[in-house]
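When reading the values below, keep in mind they use all heavy atoms of this one structure, side chains included, and skip hydrogens, waters and symmetry mates. We name chains A, B, ... by the order of the sequence lines, and we start the count at 1 in each one.
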Amino acid sequence: MLQISKIRENKEFIIERLAVKNFDGKKTIDEILEIDSKRRKTQNELDALLNESNVIAKQVGELFKAGKQFEANELKAKTVLLKEHSKKLEEELCLLENDQHTLLVQLPNTPSVLVPKGKTPADNETVHEEGEIKKLYEGAIPHWELTSKYDIIDFEMGVKLTGAGFPVYKNKGAKLQRALINYFLDKASAAGYIEVQPPILVNEASGYGTGQLPDKEGQMYYVGIDNLYLIPTAEVPITNMYRDVIVKEADFPIKNCGYTPCFRREAGSYGKDVRGLNRLHQFDKVEIVQIQHPDKSYETLENMREFVASILRELELPFRILKLCGGDMSFGSALTYDMETYSAAQEKWLEVSSVSNFETFQSNRLKLRFKGKDGKTQLAHTLNGSALALPRIVATLLENNQTPEGIVIPKVLVPYTKFEIIN
RNA sequence: GGUGAGGUGCCUGAGAGGCCGAAAGGAACAGUUUGCUAAACUGUCGUACGGGUAACUGUACCGCGGGUUCGAAUCCCGCCCUCACCGCCA
């Protein structure tokens, strides 16, 4: 959520920035500011009224103490009107606050000045490309065929147990999952991220804090009987650990990582993009989260991006890094890098990580602040990224590393899988 | 699921209608002292939203929402949450 104070100060600039996300915010912002001035006026009136009541209440108390019943009662009578009036104002103020908030949460985050203009994924800017795109041998097949050929993932069984998008990993497929998770977590720990194992169900306040609620509740699985949501990403519980917290400036950067299953309803998606492991309702992911000083968050974003790149490099996967254009960015992000690996059998790039700086967009909702050197509390910046999401990594690994003899495990993973080939 | 206790600031914890935005201690921060560490002493030490160039100032907030009252952290009602014990259980 954008800060109202910032909107007041930089209205034109914000409208201009939102346009980069192809969001026309002029009408909403005008309305917000109109409500805002009404709100402030109302609060002023109300405060003055309440002040008067407080003064009278004090006087009444003193008069009673002095035994001056008559004068006291006279004053008491005065408060009746005040009370009626202030009650009315209070209701008005509450309405105005609600209206303002309703509009405020509709505004996406302003993209950073570094964000390229554009409408579709085609307008994303490739900022880095690395690794050799191998030609596969004759007879190479996509991963959804490899998985049944080697009996490592059973999609049918998942359908039987739950439904489409809930695969069952088996044999070396299950071990590969476990190996990747451990490998990712070890890498993150080595890079200074504190490992956490958070709950995978969260309450409403947490969903609100990171921005899934109130708008995107359709994306999450909801356990109505207990009013809890299954997390779509570990970002939700991990970032919410810092909800309503004032951290110490000296603690920056705060770095956490965590593995969790992730659950996404993905309502409305279909077709070949969702085939096999390309899009699932349940998948595994290691997430990295940082909380950083506003002056350093972009430096941190680059670090995180490079950290993810280093993993892809070690896995010997060809990858590219895209700086997302305004039109392809998520609602809350100020700058996002997508990391994609090239899947040789599908002959396309698959998104395996997304690293974003949210600036104060999340922390404003979370009330995640720090006390600066000047003694003032201000909002911290939050960043997160996948490091990494498993399914598409698995898909790419299987496809790119297939040989007539079997699927070769990258060297760096062998200590984790304890086997070198899936055959 | 049953029963009981309780939610107060960064933490512990007092406060039981007005003198309470809230004692005391601890933590933290700044300073003095100090060869270093420690200790001691002094000071600072809630948040949000307003008004003001500023010093400063108004209001609200003691889990949440309502009520009683001139006046509520304190009394009443509803809700939420936490803890303990019992039952069930990985």
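Nucleotide B:C89 has no partner under the Watson-Crick or G-U criteria, as no pair reaches both atom distances under 3.5 Å. The partner of B:C20 cannot be assigned: no Watson-Crick or G-U wobble pair with both contacts below 3.5 Å exists in any strand. The pairing partner recorded for B:G65 is B:C77, the criterion being a Watson-Crick or G-U wobble arrangement whose two distances lie under 3.5 angstrom. With both pairing distances under 3.5 Å, B:G31 is matched to B:C41 as a Watson-Crick or G-U wobble pair. The partner of B:A72 cannot be assigned: no Watson-Crick or G-U wobble pair with both contacts below 3.5 Å exists in any strand. Nucleotide B:G58 forms a pair with B:C49, judged by Watson-Crick or G-U wobble geometry with both contacts under 3.5 Å. Partner assigned to B:G25 is B:C11, using Watson-Crick or G-U wobble distances below 3.5 angstrom. Summarising the base pairing, B:C83 is matched to B:G4 through a Watson-Crick or G-U wobble pair whose two defining distances lie under 3.5 Å.
The P atoms of B:C64 and B:A73 are separated by 12 Å, rounded to the nearest whole Å. Nucleotides B:G18 and B:C76, compared at atom P, are 16 Å apart to the nearest Å. Using C1' as the reference atom, B:G31 and B:A84 are 46 Å apart when rounded to the nearest Å. With both ends at atom C1', the span from B:G65 to B:C80 equals 10 Å, rounded to whole Å. Rounded to whole Å, the separation between the C1' atoms of B:U34 and B:U82 comes to 46 Å. Separation of the P atoms belonging to B:U3 and B:U12 is 29 Å when rounded to the nearest angstrom. Look at the C1' atom in both B:C62 and B:A22: the space between them is 8 Å, to the nearest Å. Rounded to whole Å, the separation between the C1' atoms of B:C83 and B:A30 comes to 38 Å.
Here A:Phe263 and A:His281 keep their ring centres 6.0 angstrom or further from each other.
In this structure, A:Glu249 atom CD and B:C29 atom P are separated by 13 Å, rounded to whole Å. Rounded to an integer number of Å, the gap from CD of A:Glu204 to C1' of B:C80 is 12 Å. Spacing between atom CG of A:Asn203 and atom C1' of B:C64 amounts to 14 Å, rounded to whole angstrom units. Going from atom CG of A:Asn54 over to atom P of B:C20 covers 15 Å, rounded to whole Å. Distance, A:Arg243 CZ to B:C10 C1': 18 Å, rounded to whole Å. Spacing between atom CG of A:Leu82 and atom P of B:U59 amounts to 13 Å, rounded to whole angstrom units. For the pair A:Lys248 NZ and B:C45 P, the computed distance is 18 Å after rounding to whole Å. Rounded to a whole Å, the CE atom of A:Met241 is 19 Å from the P atom of B:C10.
Looking only at side-chain heavy atoms (C-beta outward), A:Ile200 and A:Leu230 stay at 4.5 Å or farther from each other. Contact check for A:Tyr229 versus A:Val223: no side-chain heavy atoms found under the 4.5 Å cut-off. A:Glu97 is listed as a side-chain neighbour of A:Arg39, based on a closest heavy-atom distance under 4.5 Å. A:Glu249 has its side chain within reach of A:His293: a pair of non-hydrogen atoms, C-beta onward, lies under 4.5 Å apart. At a threshold of 4.5 Å between non-hydrogen side-chain atoms, the residues A:Leu390 and A:Phe283 do not count as touching. Contact check for A:Cys94 versus A:Leu96: no side-chain heavy atoms found under the 4.5 Å cut-off.
A:Thr377 has a side-chain polar atom (N or O) that falls below the 4.0 Å cut-off from OP1 or OP2 of B:A48. For B:G51, neither phosphate oxygen OP1 nor OP2 lies less than 4.0 angstrom from any side-chain nitrogen or oxygen of A:Lys41. Distances shorter than 4.0 Å separate some side-chain N or O of A:Arg40 from OP1 or OP2 on B:G51. Checking the phosphate oxygens (OP1, OP2) of B:U47, a side-chain nitrogen or oxygen of A:Lys371 falls inside 4.0 Å. An OP1 or OP2 oxygen of B:G46 is reached within less than 4.0 angstrom by no side-chain nitrogen or oxygen of A:Lys367.
Checking B:U59, B:G71, B:C49 against every side-chain atom of A:Asp47, the shortest atom distance belongs to B:U59. In this structure, the nucleotide among B:G50, B:G58, B:G46 sitting nearest to the side chain of A:Asn51 is B:G58. Considering only the side chain of A:Gln43, B:G58 comes nearest among B:C70, B:G58, B:G51. The side chain of A:Ala57 sits closest to B:G71 out of B:G50, B:G71, B:U47. For A:Leu50, counting side-chain heavy atoms from C-beta on, the closest listed nucleotide (B:A60, B:G50, B:G67) is B:A60.
Summary of the strand contacts: A:Thr79 and A:Lys87 both lie near RNA chain B, and taking for each the nucleotide with the nearest heavy atom, the more 5' one is attributed to A:Lys87.
The backbone N or O of A:Met329 lies less than 3.5 Å from no partner atom in the side chain of A:Ser333, so there is not a single donor-acceptor pair.
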